[in-house]
Amino acid sequence: MIGRLLVANRGEIAVRVTRACRELGIEVVAVYSTSDRNSAVVDLADEAVHIGPAAPRRSYLHVANIVEAALRTGADAIHPGYGFLSEDPDFAEICAAEGLTFVGPPPAVMQQMGNKATARRLMAEAGLPLLPGVVEPVGSVDEAREVAERIGYPLIIKAAAGGGGRGMTVVGDPADLPDAFTATRATARAVFRDPAVYMERHLARARHVEVQILCDTYGNGVSLGERDCSLQRRHQKLLEEGPAGHLSPEQRAELGRLAVHGALSVGYTGAGTMEFLVDESGSAYFMEMNARIQVEHPVTELLTGIDLVREQILVSAGRRLQLHQSDVVPRGAAIECRINAEDPARGFAPAPGRLDVLQVPDGPWTRFDTGYRQGDTVSPDYDSLLGKLVVWAPDREQAIRRMDRALAELRVEGPGVHTTVALHRALLRDPDVTADRHDIQFLDRQLPDVLARAAALADSPTPGLPASRGALSLVQPAADAQPDPATPPEGPTPCPTRPSLSATS
């Protein structure tokens, strides 16, 4: 068992991991940059180590400083959170070489799944459906033209090493292909230090659905249901919810089966997410895998009652999964709104500053994950995420109403500080969103209208949504919940390519 764990991150995910460790009886070492010296995680940890100035390259991305901090403080494990070093196979290898348990998948698997082109090839070999395109990098404009002729327009060019919504360009006109190809490669080289790109057919009206999985080191895995992440701006997620109400029980079960099978086929361990695009007919296509904990993991936790970070740590410590597929029974509906310190009216420009007022909502099934406290300063050096507001309710309509109430209660004030609170309230009032008929390009199409509604709400906040006329929908008691016949078989799914270890192994 892990006795002392270093959290190689900051903000809300550092606090989240620290709390999970507390409940497991694991001592925590926090690391902090100069600008984070008074942060919440520093106060929560058993020990805290200064690892450099505010600039991420000299602190949270400085591998030598982080590993030295772990060794000096007697930590035997490192949790990378998300972002920063969470998907860096070199960092994971260095941890292993120094005798430190890395809370994540093996470095080789991380390397494979971190490259989107390689991941597509491996998942195609495992039998997962892909959109028309190529699984190997495209090296020249002439080759790009040949690929485009085969797959048709619109198409999308993606950085093979990309992530976070960057390094993607949609092309609808053949005349735009050369410039788009060159520009995307340049972006990939500048941002990810790897110019490789690949191409696939672009679905204009698709839904973005991701499946949460857990796998152990013994070849077992379970699916914990799916989340819909279609409300995005320029490929950046703003609001996530679960379950994906546009999927049938049979489609939901099949996606879960595919996700677990694909992960186990490459020897994946820990918590991860398989991401799919679902077209208007309900057909799903593998897009990529996130080999880490996701920002939106609380949605799944509220739906299933399973602590994902706790399970992630236990799997890394060598424990066999205690969950069987039949134990996973998602109930109700959950929504997460990312509350960012950004000004939507100015093109979502970062709007950091001192939090003179930070009053978070309370009430039934309402959760606010943050690394900030009233009086703290949101630094311009890092991601603009201020916190994650998450609610659960028996059905989607009630979840929307609960989220609107919670957003109305959330107060964030300070000089120069702006947030996305009003934007989320405006989204939850849009008829396409409330009817669950939006897609991944909805916000890019409707942004002016949504911003106008958000401005009106910010100027004159309304008490809440209009009175509900729907019938009350209650969660079925556990005794009445029967596994769908299309769900994966009971028990952790054995890996098809790796032999199970004996009980004495």
Side-chain angles (χ1 to χ4, degrees), residues 113 116 119-120 122-124 126-133 135 151-156 158 162-163 165 168 170 198-213 223-263 272-290 294-297 299-300 303 328 330 333-336 396 399 427 430 432-446 484 486-488:
M113 302 313 290
K116 294 181 180 181
R120 279 168 52 83
L122 291 172
M123 292 302 102
L128 273 67
L130 301 182
L131 283 165
V135 296
I151 67 177
Y153 291 88
L155 56 82
I156 186 166
K158 294 185 177 182
M168 291 188 274
V170 176
Y198 67 98
M199 297 164 59
E200 66 184 18
R201 186 69 184 268
H202 177 64
L203 294 181
R205 296 278 180 171
R207 300 293 291 260
H208 183 159
V209 176
E210 58 187 27
V211 180
Q212 180 69 58
I213 55 142
S223 160
L224 283 82
E226 80 289 344
R227 302 180 290 255
D228 186 288
C229 306
S230 300
L231 282 173
Q232 308 174 4
R233 174 184 172 269
R234 297 181 180 175
H235 310 293
Q236 292 276 4
K237 301 169 186 173
L238 288 176
L239 182 152
E240 301 95 357
E241 63 178 297
H246 50 90
L247 297 178
S248 68
E250 293 76 19
Q251 290 171 317
R252 188 172 293 124
E254 177 63 7
L255 272 188
R257 185 194 70 79
L258 287 171
V260 172
H261 171 69
T273 307
M274 293 291 233
E275 308 214 1
F276 297 86
L277 287 176
V278 181
D279 66 17
E280 294 176 278
S281 70
S283 298
Y285 304 92
F286 172 79
M287 182 170 55
E288 65 185 47
M289 182 180 194
N290 286 298
Q294 287 275 82
V295 176
E296 57 271 22
H297 74 271
V299 170
T300 297
L303 290 171
V328 183
I335 301 173
E336 174 180 294
R396 186 173 185 266
L427 281 173
D430 188 279
D432 285 330
V433 174
T434 56
D436 197 19
R437 56 175 180 251
H438 54 281
D439 56 60
I440 57 174
Q441 292 188 312
F442 164 81
L443 195 55
D444 292 332
R445 292 192 307 267
Q446 300 296 117
D484 189 271
T487 55

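Please read all numbers here as calculations on a predicted model, not as lab measurements.
Rounding to the nearest 0.5 Å gives a distance of 5.5 Å between CE of Met289 and CE of Met113. Here CG of Leu155 is found 11.5 Å from CG of Leu131. Values are rounded to the nearest 0.5 Å. If you take CD on Glu210 and CE on Met287, they are separated by 8.0 Å, rounding to the nearest 0.5 Å. Expressed to the nearest 0.5 Å, how far CZ of Phe276 lies from CD of Glu226 amounts to 11.0 Å. Atom-to-atom distance recorded for Leu443:CG and Ser230:OG is 11.5 Å, nearest 0.5 angstrom. Note that the CD1 atom of Ile213 and the OG1 atom of Thr273 stand 7.5 Å from one another [nearest 0.5 Å].
Of all heavy-atom pairs between Leu303 and Pro243, the closest is CD1-N, 3.9 Å. The shortest heavy-atom contact between Leu231 and Leu427 is CD2-CD2, 4.4 Å. Nearest heavy-atom pair, Val278 versus Ala284, reported as atom, atom and distance to 0.1 Å: CG2-CB, 4.1 Å. The two residues Asp439 and Ala206 make their nearest non-hydrogen contact at CB-O, 3.2 Å. Minimum interatomic distance between Gly262 and Leu128 (heavy atoms only, all atoms of both residues): CA-CD1, 4.0 Å. Pairing each heavy atom of Ala399 with each of Ala333, the nearest pair is CB-O, 3.9 Å.
No hydrogens or angles considered: a donor-acceptor pair under 3.5 Å links the side chains of Asp228 and His246.
Take Glu240 and apply the salt bridge (Lys or Arg N to Asp or Glu O under 4.0 Å) test, not counting sequence neighbours, and it matches Arg338. Listed by chain and residue number, Gln232, Glu275 satisfy the side-chain hydrogen bond (donor to acceptor under 3.5 Å, both in side chains) test with His208 (two or more places apart in sequence, or in another chain).
Although no hydrogens or angles enter the test, the distance criterion places no donor-acceptor pair under 3.5 Å between the side chain of Arg257 and the main chain of Ser223. Of the possible donor and acceptor atoms, one in the side chain of Arg396 sits under 3.5 Å from a partner among the backbone N and O of Thr434. Judged by distance alone, with hydrogens and angles left aside, the side-chain atoms of Gln251 form a donor-acceptor pair with the main-chain N or O of Gly282 at under 3.5 Å. For Arg201 (side chain) and Ile151 (main-chain N/O), a donor-acceptor pair under 3.5 Å exists by modelled atom type. Looking at His297, its side chain does come within 3.5 Å of a backbone N or O of Gln294 through a donor-acceptor pair.
Contact of the Arg233 side chain with the Asp444 side chain is registered, since non-hydrogen atoms from C-beta on lie closer than 4.5 Å. Looking only at side-chain heavy atoms (C-beta outward), Val433 and Phe442 come within less than 4.5 Å of each other. Two residues are said to be in side-chain contact when any heavy atoms from C-beta on lie closer than 4.5 Å; Arg445 and Asp432 fail this criterion.
Evaluation of the salt bridge (Lys or Arg N to Asp or Glu O under 4.0 Å) test over residues 279-290, restricted to residues two or more places apart or in two chains, returns Lys116-Glu288.
Test Arg227, Glu296, Glu336 against Lys237 for side chain to side chain contact (heavy atoms under 4.5 Å, CB included) and you get one pass: Glu296.
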Subject >> Evaluation steps, side-chain contact (heavy atoms from CB on, under 4.5 Å), between Glu241 and Val299 >> reply: CA-CA 6 Å; Glu241 63 178 297; Val299 170; 5.7 Å; no

**OP:** Give the C-alpha distance, both sets of side-chain angles, the deciding distance and a yes or no for side-chain contact (heavy atoms from CB on, under 4.5 Å) between Arg252 and Val209.
**Re:** CA-CA 10 Å; Arg252 188 172 293 124; Val209 176; over 6 Å; no

